[in-house]
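Just below is one structure, and these are the notes that go with it.
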Amino acid sequence: MKNLLIKNIKGLAGILSSGNGPLKGSDLGNLEVLEDAFLAVEDGKISMYGKMSDLSGITDWRDLEIIDAEGKYVMPAYCDSHSHLVFAKTREEEFVDRINGLSYEEIGKKGGGILNSARKLADMPEDELVQDALKRLELVKSLGTGAIEIKSGYGLSVDAELKMLRVIKRLKEESDVTIKATFLGAHAFPERFKDDHEGYVTEIIEEMLPKIAEEGLAEYIDAFCERNYFTAEQLDRILTAGAKHGLKAKIHVNQFSVMGGVGIGVKHNAVSVDHLEELADEDITALKGSNTIATALPSCSFFLSIPYTPIRKLIDNDIVCALATDYNPGSTPSGNMQFVNALACSKMKMTPAEAFNATTINGAYAMEVGEELGSITVGKKANLIITKEIPSFAYMPYSFGENCVDQTLLH
Ligand SMILES: [Zn+2]
């Protein structure tokens with residue numbers, strides 16, 4: 001592997017000392033930007049950085065690739081800790097239904113939504129799913145994403161859930177984007193269990209989980225705890241069963257209603273609880289002092305016109321917060337982390353620095369790669385964004401809709 005020197009960097013953003021951990025409270029807004037900087041990469045890792053005036057530190061100039069980043073910012077690549085990037089077909093016809101007046105829940109009730117995606121996925125061969133997902137991975141990479149968590153959950157049968165997770169396993173092998181896999185069998189109740197919800201929970205626990213564990217197909221277990229979907233009690237049992245098979249919890253909670261799922265997640269030491277558009281005081285109490293990361297998904301709020309997660313309340317209570325895309329064909333057909341940053345600033349009143357940290361270092365911790373990724377730290381993997389020429393760091397979330405990323409370098 002060729003060593004790399006990036007020189008004349010206008011601003012090197014996201015510098016953290018090692019062993020920093022996720023950022024919370026007032027620290028979330030801390031962002032060190034070194035102006036007129038260089039960064040060196042050796043064996044795929046960040047080996048050195050500093051002011052251009054101190055560049056004499058590099059003694060071996062042989063076999064060195066040099067990038068001139070004049071006028072550009074360099075920063076850690078985004079870590080998108082919540083996505084459904086593997087799916088069979090886009091669902092723009094439901095988008096039009098919603099424009100014509102149907103709600104997301106109403107579309108779900110008439111057989112659209114997640115069940116629509118499940119029907120399409122069941123018919124699609126594994127190879128095609130891999131090829132489509134690889135294209136999406138390239139797209140999100142071009143927008144700055146260097147790591148992504150991907151969920152199953154459009155299978156909803158033993159075979160189709162395994163198929164989805166095998167697709168994710170192949171993506172891990174074929175893409176240079178860092179990927180974590182989450183088993184989301186409990187995404188919705190399939191047609192055949194419409195009147196027997198308990199029967200499906202049993203299938204998840206007794207048939208799907210043992211096979212997934214045996215093949216080592218997932219790191220995390222997820223469930224959609226929501227009215228008309230899975231109850232807090234079912235969530236509790238599913239997470240207990242997942243833990244027995246070594247799967248940690250990362251869950252969907254409080255998108256439309258408060259059902260007690262946050263407390264259940266914290267009880268199971270969940271890595272993250274995601275959505276939280278609805279938030280009760282008891283949820284804040286449960287999260288405070290826990291290791292569970294609260295992840296907001298503002299692109300979903302934007303697309304569905306539902307409330308945004310009251311993230312300032314979470315930050316003010318010293319709860320670790322991350323931001324992710326929720327990229328999926330139904331509620332968030334966008335994997336653009338730059339847009340997530342823009343929404344976080346304009347709709348959730350986060351500062352550009354807070355939004356950036358929530359999509360890099362805290363996103364990395366929300367998928368348990370915070371020790372290797374998510375910041376400019378000596379020894380971390382050199383997964384980097386080089387921006388286009390931009391006037392300032394805050395220009396990125398300000399100029400929403402514009403792709404400010406020139407290249408995403410992954411090692
Ligand atoms: Zn989701």
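Side-chain atoms are counted along with the backbone in the values below, which use heavy atoms only and exclude waters and symmetry mates. Counting starts at 1 for both ligands and their atoms, following the listed order.
- Separation of the Y308 and F302 ring centroids does not fall under the 6.0 Å cut-off.
- When distances from the Zn ion (ligand 1) to the N, O or S atoms of H252 are compared, NE2 comes out shortest.
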Side-chain donor-acceptor contacts of residues 371-378 below 3.5 Å, not counting sequence neighbours, with atom names and distances?
residue : atom : partner : partner atom : Å
E371    : OE2  : Y365    : OH           : 2.8
S375    : OG   : T377    : OG1          : 2.6
S375    : OG   : K380    : NZ           : 2.8
T377    : OG1  : L16     : O            : 2.9

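- At a cut-off of 2.8 Å, D326 is counted among the residues with an N, O or S atom near the Zn ion (ligand 1).
- Between D274 and S272, the side chains place a donor N or O and an acceptor N or O closer than 3.5 Å (distance only, hydrogens not considered).
- Remark: the D222 side chain and the T182 side chain contain no N/O donor-acceptor pair separated by less than 3.5 Å.
- Residue-level check: among N/O/S atoms of H82, NE2 sits closest to the Zn ion (ligand 1).
- Of all N/O/S atoms in H84, NE2 sits nearest the Zn ion (ligand 1).
- Side-chain atoms of K45 do not come within 3.5 Å of backbone N or O of H411 as any donor-acceptor pair.
- Among the backbone and side-chain atoms of H275, none of the N, O or S atoms lies under 2.8 Å from the Zn ion (ligand 1).
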